[in-house]
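Taking it in order: structure first as structure tokens, then the write-up.
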Amino acid sequence: MGPRDILEEISEGKITVEEAEARLTGYVTTDAGRFDAARERRRGLPEAVFAPGKTTAEIVALVEASLETTGRAIVTRVDQTAVTAVRESIDADLAYDERSSVLVVHAPDFEPPVLDARVGIVTGGTADAVPAGEAAAIVRETGATVERIEDVGVANLTRIVDQLPVLREQDVLIVVAGREGALPTVVAGLVDVPVIGLPASSGYGHAGDGEAALSGMLQSCTVLSVVNIDAGFVAGAQAGLIARAIAAARGD
């Protein structure tokens, strides 16, 4: 579709100015900043709004821009006050995971993607649920199926061994661990699928804010990829890209 076609659609009232701007430039400009409306077409991943540092009004404005241009909005690290403001401002389907602080909004006519791929999200303990939940939300929005395997830390190896059949059924694994971060190494040594290590800031004392977990994963003697501390969004996005490639290959 060329620029003239877009202008004609505006004049006929078929699309809004914001939609037209997004098609022409790849982004839409709001009072709260520029929203990357073309990210999913360009990168294969939906854009998300990072809530910290933004006012409630700015979050609402960016959610509205996202819905207007893509039919969907994802907000990470968002508090209940902003979620309430979004709910009062828009007419759409909202899903808020209070523990992981992720808000997902779908316009009434939005059709979520569906991928023929499975992503397992593994946690060492219950304390790792926050980054794991953020990763799960992003994976679901890519269209992959999420399988949660909870509380299988290395303090008792039988817990992870018991789950090996489930782990080996997945196409990619995100393994979340705090403390010394050993779980991804153990898992990666037992499966033949890509493993993404996600260090969690669930520890205490020396390097207990996730630094020991990050260092341990980076020094792993098995083959795995590692994201930053508590970077659930990045882990979920990376797993989603792998799942997308696998689903495309299966489609062939």
Side-chain angles (χ1 to χ4, degrees), residues 18 22 28 30 32 35-37 39-41 43-123 126-150 170 172 174 176 196 198 200 227 230-241 243-244 247:
E18 289 76 14
V28 60
T30 75
F35 178 78
D36 186 357
R39 181 169 297 187
E40 189 160 12
R41 293 195 303 274
R43 187 72 177 88
L45 295 166
E47 167 70 301
V49 177
F50 182 66
K54 296 181 177 66
T55 67
T56 297
E58 288 169 341
I59 292 169
V60 171
L62 288 167
V63 167
E64 291 173 341
S66 182
L67 288 172
E68 184 77 22
T69 56
T70 71
R72 163 173 60 185
I74 303 169
V75 189
T76 62
R77 316 288 172 97
V78 62
D79 61 26
Q80 185 65 61
T81 300
V83 172
T84 299
V86 170
R87 182 175 284 112
E88 292 173 349
S89 300
I90 64 171
D91 179 21
D93 299 321
L94 279 72
Y96 179 53
D97 184 338
E98 186 172 0
R99 181 133 193 210
S100 60
S101 301
V102 177
L103 172 66
V104 176
V105 187
H106 290 172
D109 58 350
F110 178 73
E111 296 183 7
V114 178
L115 296 178
D116 180 16
R118 299 172 62 87
V119 177
I121 299 182
V122 187
T123 59
T126 305
D128 305 320
V130 173
E134 185 173 286
I138 303 307
V139 171
R140 290 191 189 98
E141 288 305 301
T142 68
T145 299
V146 173
E147 179 77 34
R148 299 287 293 265
I149 302 101
E150 310 278 11
Q170 310 308 309
V172 56
I174 298 171
V176 192
I196 300 169
L198 172 52
V227 300
D230 290 337
F233 176 88
V234 178
Q238 187 76 340
L241 285 173
R244 191 166 174 259

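- Considering all non-hydrogen atoms of both residues, Pro131 and Asp230 come closest at CG-OD1, 3.8 Å.
- The two residues Val75 and Ala51 come nearest to each other via the heavy atoms CG1-CB, 3.9 Å.
- When all heavy atoms of Ala239 and Ile196 are compared, the closest pair comes out as N-CD1, 3.6 Å.
- Between the side chain of Thr56 and the backbone N or O of Ala82 there is no donor-acceptor pair closer than 3.5 Å.
- Remark: the backbone N or O of Leu62 is not paired with any side-chain donor or acceptor of Ser66 at under 3.5 angstrom.
- From Arg72, atom CZ reaches atom CG of Asp93 across 13.5 Å, with rounding to the nearest 0.5 Å.
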With a cut-off of 3.5 Å and sequence neighbours excluded, list every side-chain donor-acceptor pair involving residues 106-122.
from   : atom 1 : to     : atom 2 : distance (Å)
His106 : NE2    : Glu141 : OE1    : 2.9
His106 : NE2    : Glu141 : OE2    : 3.4
Arg118 : NH2    : Glu147 : OE1    : 3.1

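- Residues Ile138 and Ile74 are in side-chain contact: their nearest non-hydrogen atoms beyond the backbone lie under 4.5 Å apart.
- Separating the CG atom in Asp97 from the CG atom in Leu103 is a distance of 10.5 Å, to the nearest 0.5 Å.
- Shortest non-hydrogen contact noted between Ala92 and Leu67 is CB-CD1, 4.3 Å.
- Heavy atoms only, all atoms of each residue included: Ile174 and Ala235 are closest at CD1-O, 3.5 Å.
- Considering every non-hydrogen atom in both Phe233 and Ala48, the closest pair reads CE1-CB, 3.5 Å.
- The shortest distance between side-chain heavy atoms of Tyr96 and Val78 falls below 4.5 Å.
- For the pair Glu64/Ile90, a side-chain contact is recorded, criterion being any heavy-atom separation below 4.5 Å from C-beta on.
- For the pair Glu134 and Thr76, the minimum side-chain heavy-atom distance is below 4.5 Å.
- With a 6.0 Å radius and a threshold of 12 heavy atoms from other residues, nucleotides or ligands, Gln80 has its CD atom above the threshold.
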